[in-house]
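Every chain is numbered from 1 and lettered A, B, ... according to where its sequence line falls, protein lines coming before strand lines.
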Number of protein chains: 2
Amino acid sequence: MAKSKEAKNLDTSTEEKIIQAARKVFTQKGYVATRTRDIAEEAGINLALLNYYFRSKEKLFQMIMAEKLQLLFSVVLPIVNNDDLTLDEKIETLVENYIDLLIDNPDLPLFVLGEIKANPEGFKDRLQVRKLLQNSSFIRQLRERKPDVEPVHFIVSLLGMTVFPFIAKQILFADDSTFKMQMEERKVLITKWARTILET
Amino acid sequence: MAKSKEAKNLDTSTEEKIIQAARKVFTQKGYVATRTRDIAEEAGINLALLNYYFRSKEKLFQMIMAEKLQLLFSVVLPIVNNDDLTLDEKIETLVENYIDLLIDNPDLPLFVLGEIKANPEGFKDRLQVRKLLQNSSFIRQLRERKPDVEPVHFIVSLLGMTVFPFIAKQILFADDSTFKMQMEERKVLITKWARTILET
DNA sequence: GTCTATACTACGATAGAC
DNA sequence: GTCTATCGTAGTATAGAC
């Protein structure tokens with residue numbers, strides 16, 4: 001730990017300021033739409049410094065994207081592979097943790113999904129979600145509980161109910177504070193509905 | 001009807017060829033990422049012709065976007081406002097029609113939602129989905145059936161289950177043919193699950 | 001490390017010949 | 001209506017002074 005500091009941003013290093021700015025602008029506008037000038041301005045530094053610390057816009061972007069993918073995986077993987085949790089416990093924990101994550105990072109889904117669509121090749125190796133899920137205890141438990149339905153259908157529905165509001169909030173929700181409140185409400189609703197579906 | 005023609009593309013007017021190309025490229029790559037040169041090449045015409053027929057990239061884009069929004073609304077509005085349909089009939093029809101639409105236009109959701117996020121101001125007046133839904137018989141029926149749950153939560157879940165697979169298909173589904181097959185399966189699954197949820 | 005000035009490239013748009 | 005050639009601008013990246 002460094003000495004106690006009161007300032008939030010004034011004492012952060014230039015490199016860190018650039019990273020923070022890049023995080024914000026990239027996730028808000030996507031790769032093509034962000035200009036390195038936007039990032040420099042947001043960071044309060046000169047444009048040349050961006051290329052001094054990171055070689056290029058592309059390199060800087062890769063850092064941010066890797067970080068965001070890591071963030072997404074870090075929520076899912078520990079849960080779906082945890083043999084000690086029952087199926088119902090997994091569902092409840094997944095939904096709660098995911099909604100908490102997305103409330104803190106509302107741009108995340110549209111950002112990641114948009115960039116994957118824009119450049120599928122760049123994600124070919126990094127995204128083996130299907131393989132990671134395939135052997136998980138989550139899938140195994142789903143097959144046991146509902147042998148007649150492909151697990152993918154349940155997972156897509158669970159993810160859809162959880163993630164979709166964050167993707168479509170501009171259209172479907174009025175203001176930001178009621179949105180947050182309703183997402184808290186959704187935690188228990190989705191969990192309940194998912195269990196109901198499994199009992200069908 | 002024009003005289004019978006066998007060719008599909010050779011006889012279409014230059015203007016129509018540009019529109020078709022723009023439809024394809026814009027919905028695939030989004031506004032910022034598409035270059036007018038891409039559209040010209042896709043249409044098999046010269047770049048200058050694009051500005052001859054449509055004044056600018058922006059004008060051409062607005063045409064395509066208006067068309068796509070119209071497409072989305074034309075599926076939803078007639079159903080949610082139809083007083084002759086029961087709630088269960090509305091749900092079934094909505095899911096079926098939407099999945100059919102999205103199978104034919106898989107890029108549609110990510111395209112529209114991405115552009116709205118990129119330029120929220122440009123959609124302020126055109127998107128009054130909330131107001132259009134507010135007074136619909138669909139909402140009224142939902143309130144009657146489940147007075148304890150905000151209708152928005154049910155609608156978001158229904159839309160999420162239906163639309164999300166098309167947004168995340170790069171990640172969650174293997175190949176295109178099994179994807180289509182599984183989307184057909186989903187029609188009856190979502191309808192069934194939605195009804196189950198309403199009985200909770 | 002940080003700045004200013006600039007090179008280089010890519011893009012949207014237009015002029016002008018046919 | 002359609003083409004070639006080109007203008008103007010905006011964006012990434014770098015050179016070089018401090």
- With B for base contact, S for sugar-phosphate-only contact and - for none (protein heavy atoms under 4.0 Å), nucleotides 11-18 of chain C reads BBBBB---
- Message: Are the side chains of A/Phe166 and A/Asp107 in contact, using a 4.5 Å heavy-atom criterion?
- Response: no
- Message: Angle between the end axes of the helix from C/dG1-D/dC18 to C/dC18-D/dG1, five pairs per end, to the nearest 10 degrees?
- Response: 10°
- Task: Measure the distance from CD1 on A/Ile45 to C1' on C/dT4 and round it to the nearest whole Å.
- Result: 14 Å
- Message: Suppose the criterion is side chain to side chain donor-acceptor pair (under 3.5 Å): which pairs have a residue in residues 62-79 of chain A, not counting sequence neighbours?
- Response: A/Arg23-A/Glu67, A/Glu58-A/Gln62, A/Gln62-A/Arg126
- Message: Aromatic contact between B/Phe61 and B/Tyr31, with the criterion being ring centroids under 6.0 Å apart: yes or no?
- Response: yes
Under 3.5 Å, side-chain donor or acceptor atoms of residues 42-50 of chain B against the rest of the protein: list the pairs with distances, not counting sequence neighbours.
{"from": "B/Glu42", "atom 1": "OE2", "to": "B/Lys24", "atom 2": "NZ", "distance (Å)": "3.1"}
{"from": "B/Asn46", "atom 1": "OD1", "to": "B/Ala48", "atom 2": "N", "distance (Å)": "2.8"}

- Item | Spatial distance of atom CG (B/Leu101) from atom OG1 (B/Thr162) [nearest 0.5 Å] | 11.5 Å
- Task: State which residues pass side-chain hydrogen bond (donor to acceptor under 3.5 Å, both in side chains) with B/Arg145; sequence neighbours excluded, sorted by chain then number.
- Result: B/Asp88
- Query: Whole Å only: how far is the CD1 atom of B/Ile39 from the C1' atom of C/dA10?
  - Reply: 16 Å
- Is it true that A/Phe111 and A/Phe26 have ring centroids separated by less than 6.0 Å? no
- Item | Between C/dT2 (P) and A/Phe54 (CZ): distance, integer Å | 12 Å
- Task: Scan for salt bridge (Lys or Arg N to Asp or Glu O under 4.0 Å) pairs involving residues 89-105 of chain B, sequence neighbours excluded, and state none if there are none.
- Result: B/Glu92-B/Arg195, B/Asp100-B/Lys187
